[in-house]
Each structure stands twice: as C-alpha cells, then as structure tokens.
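Here is the structure we will look at, set down as structure tokens.
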2 protein chains.
Amino acid sequence: MPISIQDVAKKANVSISTVSRVLNRRNIVNEETRKRVESAINDLGYSPNVFARGLMLRRSHILGLVLPDLHGEFYSEIIRGANLRARELGYKLMISSAVAKDDGSELMAAVADHGMVDGLVVMISEITSRIRETLRKATVPLVILDGDVDGVKHDSVVIDQRTGTIAMLRHLLRRRDLRRIVFVGGPVTNIDSMERLNAYHEVTAEFGIEVGPDDVHHLDYQYDTAFDLAAANVGEWARRGAAVFAANDEMAAGVIDAALAAQLAVPADLPVVGFDDTRVASMTRPRLTTVRVPMSEMGAAAIDLLCQRFDNVEQPPTKLVLQSKLIVRDSCGS
Amino acid sequence: MPISIQDVAKKANVSISTVSRVLNRRNIVNEETRKRVESAINDLGYSPNVFARGLMLRRSHILGLVLPDLHGEFYSEIIRGANLRARELGYKLMISSAVAKDDGSELMAAVADHGMVDGLVVMISEITSRIRETLRKATVPLVILDGDVDGVKHDSVVIDQRTGTIAMLRHLLRRRDLRRIVFVGGPVTNIDSMERLNAYHEVTAEFGIEVGPDDVHHLDYQYDTAFDLAAANVGEWARRGAAVFAANDEMAAGVIDAALAAQLAVPADLPVVGFDDTRVASMTRPRLTTVRVPMSEMGAAAIDLLCQRFDNVEQPPTKLVLQSKLIVRDSCGS
DNA sequence: CTGAAAGCGCTTACAG
DNA sequence: CTGAAAGCGCTTACAG
C-alpha cells in the first residue's frame with residue numbers, strides 16, 4: 001500500500017504535524033528539521049494523498065472544462081490553451097463534452113456537484129432553461145465562454161469578431177475596385193454568422209456598396225455546399241466585380257476551388273476571404289486572407305479568470321474581450 | 001456549507017450507516033427506510049463528498065489521458081472517443097499534454113502519483129528512458145496508445161496501418177494502368193511514415209512496379225512542402241504514368257492543388273491518394289481516396305481496456321489491434 | 001435490517 | 001519551533 005504521512009514522520013523522527021508543515025511551507029519549520037523531513041520524503045517517494053488533502057482543504061486543484069462538442073479545431077484549441085495555462089498555475093483539467101442526447105445539464109451537474117472541481121469553464125451552444133437552472137446551482141466559480149447567462153453569477157470571456165471583420169472588409173474594399181461583396185454565411189440561427197453579417201452590412205454601407213438580394217447566402221459552414229454554390233455562380237460574381245466573404249475558412253476553400261475549376265483566377269478575377277484562420281487557411285492556393293479568432297487564448301484566459309476569482313470571490317464579474325485579428329495572405333489580392 | 005451525510009441521516013431519522021448503505025446499494029435496506037432516505041437525499045439535493053469517498057474507497061473514478069500534444073485533429077478525436085466512453089462507464093477524464101520543455105515524464109508523474117486517477121492512458125511520440133522509468137513506477141493500470149514500452153506492464157491499443165495501406169495501393173494498381181507510384185512521406189524518423197513506406201514497397205514489388213530513386217520523398221507532413229515538391233515534378237510524374245501516394249491527407253491536398261495549378265487533371269492525368277481520412281480529405285476536388293485510421297475508436301478502446309483491467313488485475317496484457325480502412329473517393333480514378 | 005465506532009490520511013487550531 | 005488531538009465526510013466490519 002502507498003506510503004503515508006505517518007511513514008514519513010516515523011522516518012524523520014517528527015510528528016505528522018511537522019511533516020504537514022514542511023509540505024505546506026507553513027510557519028517556519030526549523031531548518032534542520034525541515035531538511036530531515038524533506039530527505040525522508042524523497043527517500044520514501046512520498047506524495048500526499050489527494051483525497052485526504054481535498055477533504056480538509058476543500059480544494060481539488062482540478063478545473064472543469066465543459067464544451068458543446070469535442071469535434072473540430074476550435075474546441076481542441078480551447079482545450080490546448082486551457083490545459084497549458086492550468087498546468088502553469090498548478091491545476092489539472094477535467095474535460096467533458098455535452099453529447100447529443102442530453103443538453104449538457106446532466107453533465108454539468110455531475111461535474112459541478114461533488115465538489116470535484118474547484119471551478120468550471122463552460123461553453124454552451126444553446127442555453128436552455130434547464131442549463132440555466134443547473135448553472136445557477138453551481139457552487140464553484142464559473143466562467144462562461146462566448147456567451148452570457150442571465151441570473152447566474154459568472155465571469156466571461158468573449159471574442160470581438162466585429163472589429164476583425166470590419167478590418168478585413170475595409171482592407172478588401174480599399175485596395176480593390178470592388179463593386180460587390182458576396183456573403184457566404186452559416187445558418188441564420190448561428191449567432192457568429194449573424195455577427196459577421198452585421199459587420200458586412202456596416203462596411204458595405206460605409207463604402208456605398210450595394211447589397212442585392214442574391215448577395216447574401218446562408219449555408220452550413222461546409223466546403224461542399226460552398227463549392228456547389230460557387231460553382232453555379234462564380235462566373236457571374238466575377239463578371240459583376242464581386243469579392244466573396246465566406247463566414248469560415250472551409251467555405252472559403254470551397255469557393256476558391258470552384259473558381260479555379262471554372263478557370264477563374266483568385267484573387268485576380270475573384271478575391272475571396274475567409275474567417276477563423278484555421279489550418280485550412282494555409283491549405284489553399286492562394287492562401288486565405290482571413291480573421292484569426294484567438295481560441296487557445298480564450299481557453300487560457302478562462303483559466304486565468306477562474307484563478308483570479310479564487311483569490312477574490314467578491315469582486316464584480318469580469319468580462320474579458322479578446323480581439324480578433326485580420327490576417328492578410330494572398331486570396332484578397334492586395 | 002454543503003450538506004453532508006449527517007444532514008440526510010438526521011432528516012430521514014436514521015444513522016449515517018444506513019444512508020451510506022442506500023447510497024451504495026449495499027445489503028438490503030428495508031424498503032420503507034430506503035424510500036425515506038432517498039427522499040431526504042432528493043429534498044436536500046445531497047451528493048456525497050468525493051474526497052471522503054475517495055479516501056475510503058481509494059478510487060476516484062477519474063481516468064487520466066496523456067497525449068504528446070493537443071494540436072490537431074488526431075488528438076482531438078482520441079479525446080472525443082475516450083471522453084464518450086468514459087462517460088458511459090461512469091468515469092471522468094483528466095487530460096494533459098506534454099509540452100515542449102519537458103519530455104512528459106514530469107507530467108505523468110504528477111498525474112499518476114497522488115492516486116488522483118484510477119488508471120492512465122498514455123500516448124508517447126518518443127519513449128525516452130526517463131519516460132520508461134516514470135511509467136514503471138506507475139501504480140495504476142496503464143494503457144499505451146500506438147506503442148510499446150518494454151519492462152512496463154501495460155495493455156495497449158495499436159492501429160494496423162499496413163492492411164489499409166496495402167488495400168489502397170492494390171486498389172490503385174488494379175484499376176489503372178500505372179507505371180509508377182511516387183511516395184510522398186513524412187520525416188524518415190517518423191515510424192508511421194516508415195510503416196506506410198514498407199507497405200508501399202511490398203505492393204510495388206507484388207505488382208512488379210519499379211521504384212526509382214526519385215520515387216520516394218521524405219517531407220514534413222505539410223501542405224506547403226508537398227505543394228512545392230509537386231509543383232516542380234507533376235509534369236514529369238504525369239508523363240511517366242505515375243500516381244502519388246502521400247503519407248497524409250494534407251500533403252495529398254498540396255499535390256492535388258499543384259497538379260491543378262499545372263493544368264493537370266486529377267485523377268485523369270495523375271491519381272493521388274492520401275492517408276488518415278481527416279476533414280481535409282473531403283475538402284479537395286476531387287475528393288481524396290485515403291485510409292481511415294480510427295482515432296476516436298482508439299480512445300474509446302483504451303478506456304474499455306482500463307476498465308476491464310480494474311475488474312481483473314491479473315489477466316495477461318491485452319494488445320488490441322484496430323484496423324485501418326480504405327476509403328475510396330474520387331482522387332484515385334476508379 | 002440497523003446503529004455505534006473505528007479508521008481512511010490529511011490539516012490546523014491549541015498548548016507547550 | 002513542535003506535538004497531541006480534533007475533525008473533514010465518508011465506508012465498513014462488528015454487534016445487536
């Protein structure tokens with residue numbers, strides 16, 4: 001069986017209190033005693049039982065991260081960022097994703113109850129009243145990613161997509177003699193896509209660009225559908241002096257490939273820009289001009305917020321805004 | 001403060017022993033008593049303190065997953081598969097990745113010690129003697145992903161890439177009048193790439209295909225380098241009746257784009273196949289024929305193995321082999 | 001079927 | 001500076 005604080009105490013000829021003290025760097029333990037204890041710890045390869053410790057301290061040094069899904073580059077970047085920061089700060093990361101059949105509340109309950117985690121980072125695609133209820137009951141600090149939950153105290157980190165989008169569209173319009181911009185978006189129910197569309201309307205208005213009924217499309221964020229849409233329209237788009245703003249890189253890649261297949265040059269005949277700056281953005285020719293959304297930074301910031309909150313429970317909720325950023329490559333033609 | 005087993009006992013008018021019994025479905029608690037306790041639990045919203053429980057039971061119901069990196073689609077698929085299965089079996093998943101500066105042993109020590117996790121799934125890109133030492137000291141069941149560590153008792157799950165690769169290359173050669181196959185691989189130090197190369201040699205020999213010195217290339221798994229290599233060579237490849245076998249989908253995408261840019265038709269002038277069946281494989285035109293490696297299944301299988309091991313500590317080590325699978329799409333021309 | 005008591009391995013006032 | 005003792009919230013023989 002594993003060795004305990006008792007074994008260390010015996011070996012070092014002190015009481016367990018003293019061992020505990022050197023473990024927790026508390027008070028000033030006598031130099032010599034401390035050394036004796038420390039070498040006993042080393043010799044025995046002792047490390048304290050986390051359960052016993054947690055029982056007393058009521059801290060696990062485990063942070064929970066709940067994501068809507070584990071699929072895709074975004075989520076993995078969030079995990080990556082959170083994991084790194086958590087390590088730096090001496091925490092471990094427990095991960096869960098909602099699955100199709102439940103709405104995630106079941107899971108969150110499981111994670112948040114029990115006092116298993118010291119804090120919780122949550123990203124939710126759709127906030128149901130059941131989820132709100134669950135979150136309200138959470139007894140640990142909460143950080144919500146990219147969203148807000150009324151009536152529940154929490155810090156949050158959000159990404160400002162608007163600024164980056166506007167920068168990208170202005171960049172496009174300043175440099176080229178463009179007469180139209182075609183927006184190839186995600187579903188109308190998707191908040192992110194609609195935010196990008198809002199920025200699109202702002203900038204087109206600013207530049208006096210007309211937006212026709214055929215200039216805004218709502219697809220599903222997939223390469224295939226974007227390819228098909230573009231295959232049917234690139235000719236006309238090019239003829240009418242348009243550029244394409246796709247709401248993610250994958251769709252932008254589909255548009256580029258369709259243009260190429262139609263013997264059109266990108267960006268010469270048809271500039272195309274994307275969104276997200278995923279790996280895909282460097283896997284097209286020409287490479288995509290796009291907007292980078294700092295996902296791993298979001299993960300890291302969430303951990304930071306949680307840890308700050310541990311130190312100061314009462315301070316008012318923080319809302320951290322992370323900036324998106326224009327990444328200029330070749331597909332915009334400037 | 002949170003409510004404890006004491007509160008429940010008081011409310012239900014029983015001793016904590018009885019509450020504990022209904023919690024653990026032990027013995028037969030009197031029907032009526034059980035109901036009283038259960039409703040007390042519900043009313044109070046009680047859930048047992050994990051630390052106290054862990055202290056007695058010496059089980060946390062947390063499983064550790066250590067990956068070399070959190071970047072990329074593979075790792076996220078492993079996490080996804082492991083997470084789902086862990087949930088099904090009533091476990092939580094704690095995740096860590098090695099970081100650049102250490103070699104992962106530091107981390108594993110941290111995870112495995114402490115008795116924080118009940119078992120550990122580990123994937124290591126390079127097994128150093130320090131890592132071996134750390135693993136040897138692990139006190140919990142171990143599952144190694146895609147590798148083997150001598151002198152350390154562990155179960156493992158590996159992927160048989162050979163069978164899938166051979167199936168793909170045979171498929172290519174049976175259907176086309178190919179005179180050569182160009183291998184565009186990863187680094188020579190990469191085991192996976194070398195395995196794929198071995199299969200390549202087998203099948204070319206089987207079909208009497210000559211392998212010239214310029215037919216095998218070792219790149220870095222990136223789109224860009226593959227694009228550049230192909231841009232310089234596609235003309236000759238096509239002229240000499242070759243097909244391209246890239247060791248991952250990204251490089252295959254680079255080759256396709258380079259061929260297209262050179263006005264070559266894929267697959268008519270130059271068949272191209274990839275490996276991995278990542279998202280990228282559906283983001284090229286033509287879509288990639290490739291070999292699917294079941295990453296999420298690997299994650300799930302690892303969790304299964306761990307849980308079987310809990311039930312039967314003594315049974316000899318299991319090595320689970322997962323099959324890769326040929327996925328025929330359009331880029332091979334059949 | 002149920003309760004009183006011991007014990008899991010720690011931390012932390014409280015004395016000295 | 002150090003030790004004896006209480007207590008964290010559970011589980012589990014041991015009696016009844």
Side-chain angles (χ1 to χ4, degrees), chain A residues 1-41 44-62 90 112-118 139-140 310, chain B residues 1-41 44-62 90 113-118 139-140:
Chain A
M1 84 208 66
I3 71 135
S4 77
I5 197 173
Q6 290 283 2
D7 304 316
V8 178
K10 203 160 298 171
K11 174 141 188 161
N13 236 303
V14 294
S15 73
I16 60 166
S17 316
T18 300
V19 177
S20 179
R21 280 187 196 103
V22 348
L23 247 27
N24 297 287
R25 317 218 161 284
R26 296 168 47 71
N27 311 4
I28 306 144
V29 177
N30 175 40
E31 173 90 22
E32 201 185 322
T33 316
R34 204 197 65 221
K35 282 187 175 155
R36 217 165 60 237
V37 172
E38 277 168 350
S39 66
I41 290 178
L44 264 32
Y46 166 73
S47 75
N49 178 304
V50 275
F51 298 115
R53 195 168 226 180
L55 189 53
M56 287 306 298
L57 265 26
R58 295 173 174 292
R59 291 192 64 172
S60 63
H61 284 267
I62 299 178
D113 281 349
H114 305 29
M116 170 80 80
V117 298
D118 292 343
T139 57
V140 296
F310 296 149
Chain B
M1 83 209 68
I3 71 134
S4 77
I5 197 173
Q6 290 283 3
D7 305 316
V8 178
K10 204 160 296 170
K11 173 141 188 162
N13 235 301
V14 293
S15 73
I16 61 166
S17 316
T18 301
V19 177
S20 178
R21 281 187 197 103
V22 346
L23 245 30
N24 297 287
R25 316 218 163 285
R26 297 167 48 71
N27 310 4
I28 306 143
V29 177
N30 175 42
E31 173 89 24
E32 202 184 322
T33 316
R34 204 198 64 221
K35 282 187 176 156
R36 218 167 58 237
V37 173
E38 278 169 349
S39 66
I41 289 178
L44 264 31
Y46 166 72
S47 75
N49 178 302
V50 275
F51 297 115
R53 194 168 227 180
L55 188 52
M56 286 307 297
L57 265 26
R58 293 171 177 294
R59 291 193 62 171
S60 62
H61 284 266
I62 299 178
D113 281 348
H114 304 28
M116 171 79 82
V117 298
D118 293 343
T139 57
V140 296

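Chain identifiers are assigned alphabetically (A, B, ...) following the order of the sequence lines, protein sequences preceding nucleic acid strands; residue numbering begins at 1 within each chain. Excluded from the calculations below are hydrogen atoms, water molecules and symmetry mates; all remaining heavy atoms, backbone and side chain alike, are included.
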Discussion item. Taking D/dC10 as the reference, what is the distance to D/dC14 when you measure between their P atoms (whole Å, please)?
Written reply: 24 Å

Practice prompt. Tell me which of B/Ala52 and B/Glu31 sits closer to the 5' end of DNA chain C, going by the nucleotide each one is nearest to.
Written response: B/Glu31

Quick check for you: among [options], whose closest atom lies nearest to any side-chain atom of [X]?
X	options	answer
B/Ser17	C/dC10, D/dG9, C/dA4	C/dA4
B/Met56	C/dG3, C/dG7, C/dC10	C/dG7
B/Arg58	C/dA5, D/dC8, C/dG9	C/dG9
B/Asn49	C/dG9, D/dT2, D/dG9	D/dG9
A/Ser20	C/dT12, C/dG9, C/dC1	C/dT12
A/Ser15	D/dG3, D/dT2, C/dT2	D/dG3

To the nearest angstrom, how far is [X] atom [atom1] from [N] atom [atom2]?
X	N	atom1	atom2	value
B/Arg59	D/dT11	CZ	P	14 Å
A/Ile41	C/dG9	CD1	P	16 Å
A/Phe51	D/dG9	CZ	C1'	14 Å
A/Ile16	C/dG7	CD1	C1'	13 Å
A/Arg34	D/dT2	CZ	P	11 Å
B/Arg53	C/dG7	CZ	P	22 Å
A/Arg36	D/dC1	CZ	P	15 Å
B/Leu57	D/dG9	CG	P	17 Å

Item to complete: Scan residues 4-14 of chain B against DNA chain D and write down, sorted by residue number, each residue with any heavy atom closer than 4.0 Å; if none is found, say none.
Response: B/Ser4, B/Ile5

When rounded to the nearest 0.5 angstrom, what is the spacing between [atom1] in [X] and [atom2] in [Y]?
X	Y	atom1	atom2	result
A/Leu23	A/Ser47	CG	OG	9.0 Å
A/Ile16	A/Ile5	CD1	CD1	5.5 Å
A/Arg53	B/Leu55	CZ	CG	13.5 Å

Worksheet item: Who pairs with A/Asp7 by side chain to side chain donor-acceptor pair (under 3.5 Å), at least two apart in sequence or on another chain?
Response: none

Worksheet item: Does a nitrogen or oxygen in the side chain of B/Thr18 sit under 4.0 Å from OP1 or OP2 of C/dG3?
Response: yes

Practice prompt. For A/Ser60 and B/Phe51, work out which heavy atoms get closest and say how close.
Written response: CB-CZ, 3.3 Å

Worksheet item: Can you find an N or O donor on one side and an acceptor on the other, under 3.5 Å apart, linking the side chain of A/Arg21 with the base of D/dG3?
Response: yes

Discussion item. Only Watson-Crick and G-U wobble pairs with both distances less than 3.5 Å should count. Give DNA chain C in dot-bracket notation, marking inter-strand partners with |.
Written reply: |||.||||||||.|||

Worksheet item: Is there a donor-acceptor contact under 3.5 Å linking the side chains of B/Arg36 and B/Asn30?
Response: no

Does some side-chain heavy atom of [Y] sit less than 4.5 Å from a side-chain heavy atom of [X]?
X	Y	value
A/Ile62	B/Met116	yes
A/Thr18	A/Thr33	yes
B/Asn49	A/Arg58	yes

Worksheet item: So, the side chain of A/Asp118 versus the backbone of A/His61: is there a donor-acceptor pair under 3.5 Å, distance only?
Response: yes

